[in-house]
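Presented below is the structure to which this report refers.
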Amino acid sequence: MGKAMLLAAAGVALAWSGAAQAQRYGATITRTTHGIPHIVAKDWRGAGYGVGYAYAQDNLCMIAEEFATVAGERSLHFGAKGSATLGFQSVDNLSSDLFFRSAIDVPALRRGAKAQGAAALALTAGWVAGYNRYLKDLGPERVPAECRGKAWVRAITADDMLRLNEKQMLLASSLNFAPAIANAVPPGVEPPTKTRAAMPDPAKFEVASNGWAFGGDVTANGKGMVIGNPHFPWAGPSRFWQMHVTIPGKMDTAGVGIAGSPFPTLGFNRDIAWTHTVTAARHFTLYQLALDPNDPTAYLVDGKSEKMGAKTVTVPMPDGAAPVTRTLYSTRFGAVIVIPQAMANWSKATAFAMRDANAANQRGIGTWVRIATARNVGEVRAAVTETLGIPWVNTIVADRHGDALHADVTAVPNVSAEKAKACATPLSPVVARTAILLDGSKSACAWDAAAGTAVAGLMPASDQAVQARRDYVANMNDSYWLSNADHPHRVLSPILGEAEKAVSLRTRSGFIETRALIAGGKVDHARAKAITFANKSHAGELAFKPLLALCAGKAEVADACAALAKWDGRFELDSRGAWLFDRFWMKVARLPGLWAVPFDAKDPIHTPRDLVTSGETGDKLIAALKAAAEEVTKAGIALDARWGDVAFAQRITDRIPIHGGDGALGVLNVQMMVPAQGGVTPRHGSSYVQVVGFDDAGPVADTILSYSQSPDPQSPWYGDQTRMYSAKQWVRFPFTPAQIAAAKVGEAVTIKE
């Protein structure tokens, strides 16, 4: 494909932004050890150009497939009966295509993008041009074998980027309802596919994280420090990718982004460091609709009939087959959904809808530009609270001045506790664990409009949680209520998460370790890195000794008990019996009556506790241990196997042992495993880990990207950092020109057009 054709492809979609099609782009890309690109450009569009080019070098096949997904073209390229991973579920390709073709409103996204300002537009335009330039430079014959000759490897436009960004915004909301939206049809109509839509389970919301910001009162040099440990997927478009972007006088920021990020959205600059954790807030509400008795595609609001919106969606099919055409429906309360498992059926009398606070949220990129260029915690706070553009993550930040901040401020429906109670339906308690269900027959149950919010119906930042301190703030995915264990937040709307309720073992472990860290002396890099990869299991600390006492002398679990006795309570490479305890704990963690001391809101970090080992509970614990031993043995794994022999990441012929364990076990260094040949391998878990502080010259950052920079087996950056992670080694991130020159790999590349 020629240069003119590529520029035209990008320019057609850029016309809506007011950008001239003849814009020029230029950037210099210098790679340092581990493939980290340092992009230097004179302007915003040049920065995006360099990032798009370098990202495509490392991720071409993966990102090209993702563009096909968000365009609703999976059925065309991969077959209607194939599957895609959307959010945290596998969805058939036809349902995926129907969802994206119905849920994404490109004209609305264009309008939202234009409102984000010149920098955001230029970065996106540059990314598109850089991606397309790499395709041209590569040529069809040098496309990686995995996707060589595939029609879905193509030049992209700005609209492709808008679709991709929208998918990322919807990750904690609509994306998890994709099958429920795609297969919602009126009574008597056959649904498009046989996919069984399920209510998203918060317990399976695997994209999680730990984050700490330490203030100057507790650090060794009186400056701020951040520990960031996002638990994100090891494969696919949500993989993090490291970069350093410099625009003299405008941006000098390093860190990571996920697919399509034209600059770091988690990382550090000369003055601040920040990380994100998935918030416990809910970014959507469900509505129960009373239907017009004469028309199942009309619903009653305050007694008046209102016709549903109907959108005809056409999905192209492969091999010249006729396209599939379906009609999907929407209401003033969002898209109609059907989830039989949750009794959310579409009958002649009732239907259900979902309204998403992140639909058409293009504010995120503008918000992250402000964060990435912020000079202090106050500027980050202003960016987050003024835009309400952060979609579904907490923001945890510290600066060189020693200030620290936790802001659980996102795009959240403005639904108070009083409204949630007044607008509840009989079915609301059934789905309460997952969603707030409101009565759609009353207009008063719409989201409240508050003055000054970026979008009507969003909860203002003043009603969300912000805590600024000089000691520390932290979050491990529990609610805003505890960001400092000694200073709980006041209780807010339940849509922001549960307050004064039991927190996870990982949260408890996080605060116990934080208290011990501070009590042990001033926080520095070495001690911060040690807490990050300590690999302790808080479940083991609570249950291990009582369990050993219980199983002693019981013949039916003698071998399991002997194997467990060798466990050190951690998930280190040399920890023996760790997988046996993991399998046991997953069977008993939610057992009623497990703890003798119940949860106490006045002592949330140490309750519940004291494992019950007597009576029926004790019998169930022994039965679970026996079942766990049988499961481990059946998989061909020794009961006392070393964790490093069980858990591994395959990199071509290398089997790299992986430390860390499941967060449900109270392990801070999370690795959520799935079965693999002869053991287990990470699916989600510790990904881009950073410990960032400051000296008088700028940031001092120790980082590691657990799964390495590129998913391409032919890349030299496919497994190098994975081996370092296995050995608990860190990369001192090269930030200054001198540091970059010293760590340079190969020659710098300058690209222009």
Side-chain angles (χ1 to χ4, degrees), residues 35 52 55-74 77-78 82-93 95-97 99-100 127 131 144 146-147 150 152-153 156 160-161 163-176 178-179 200 204-209 230-243 256-261 265-266 276 278 391-393 649-651 658 670-676 680-689 705-715 717-719 721-722 725:
Y55 186 84
Q57 287 180 310
D58 293 338
N59 299 278
L60 180 61
C61 292
M62 181 270 289
I63 189 62
E65 181 176 342
E66 186 69 357
F67 284 128
T69 297
V70 298
E73 296 176 348
R74 290 199 65 85
H77 297 300
F78 307 104
S83 63
T85 299
L86 300 187
F88 312 102
Q89 59 187 328
S90 181
V91 178
D92 66 277
N93 286 340
S95 291
S96 174
D97 291 341
F99 170 75
F100 282 111
W127 203 101
Y131 177 89
E146 178 187 349
C147 57
K150 304 298 184 182
W152 42 271
V153 181
I156 62 169
D160 290 301
M161 290 290 283
R163 293 186 186 97
L164 179 58
N165 182 70
E166 180 74 345
K167 181 194 175 191
Q168 312 295 23
M169 296 297 104
L170 302 179
L171 185 63
S173 46
S174 290
L175 204 62
N176 295 286
K204 296 180 180 179
F205 194 70
E206 294 169 318
V207 177
S209 303
H231 307 144
F232 255 57
W234 274 48
S238 290
R239 277 176 51 108
F240 285 118
W241 181 76
Q242 289 181 279
M243 64 183 117
V256 292
I258 56 178
S261 299
T265 53
L266 187 159
H276 294 296
V278 174
W392 37 266
V393 289
Q650 194 75 38
R651 292 294 183 268
I658 298 297
V670 170
Q671 294 296 355
M672 300 178 183
M673 303 291 185
V674 293
V680 294
T681 194
R683 180 178 178 223
H684 293 258
S686 292
S687 51
Y688 168 72
V689 189
L705 187 62
S706 63
Y707 37 65
S708 302
Q709 183 78 331
S710 175
D712 182 357
Q714 302 306 310
S715 170
W717 324 121
Y718 177 58
Q721 289 196 69
T722 309
Y725 170 84

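Under a 3.5 Å cut-off, the side chain of Ser96 and the backbone N or O of Val91 do not form any donor-acceptor pair. Using a distance-only test at 3.5 Å, with no hydrogens or angles considered, no donor-acceptor pair links the side chain of Asp58 to the main chain of Ser710. With hydrogens and angles ignored, the 3.5 Å screen pairs no side-chain donor or acceptor of Ser686 with any backbone N or O of His231. Here the side chain of Arg74 pairs no donor or acceptor atom with the backbone of Ser95 at under 3.5 angstrom. When atom types are taken as modelled, the side chain of Tyr725 and the backbone of Ser687 share no donor-acceptor pair closer than 3.5 angstrom. With hydrogens and angles ignored, the 3.5 Å screen pairs no side-chain donor or acceptor of Trp152 with any backbone N or O of Thr69. At least one donor-acceptor pair closer than 3.5 Å links the side chain of Gln721 to the backbone N or O of Leu705. At distances below 3.5 Å, at least one donor-acceptor pair connects side-chain atoms of Gln709 with backbone N or O atoms of Gln242.
Every residue two or more places apart in sequence or in another chain was checked for a ring-ring contact (aromatic ring centres under 6.0 Å, His included) with Tyr718, and none qualifies. For Asp712, the salt bridge (Lys or Arg N to Asp or Glu O under 4.0 Å) criterion is met by no residue, not counting sequence neighbours. Applying the ring-ring contact (aromatic ring centres under 6.0 Å, His included) rule to Tyr131 yields the partners Phe67, Trp127; only residues at least two apart in sequence or on another chain are considered.
Atom-to-atom distance recorded for Leu164:CG and Glu166:CD is 10.5 Å, nearest 0.5 angstrom.
Ala649 approaches Trp234 most closely through the heavy-atom pair CB-CZ3, 3.8 Å. Residues Val256 and Met243 share a closest heavy-atom pair of C-CE, 4.1 Å. Taking every heavy atom of both residues into account, Pro682 and Ile658 meet most closely at CG-CG2, 4.0 Å. Taking all atoms of both residues into account, the shortest heavy-atom contact from Met62 to Pro237 is SD-CA, 3.4 Å. Listed here is the closest heavy atom pair of Val153 and Cys147: CG2-O, 3.5 Å. Minimum interatomic distance between Thr85 and Lys167 (heavy atoms only, all atoms of both residues): O-NZ, 4.3 Å.
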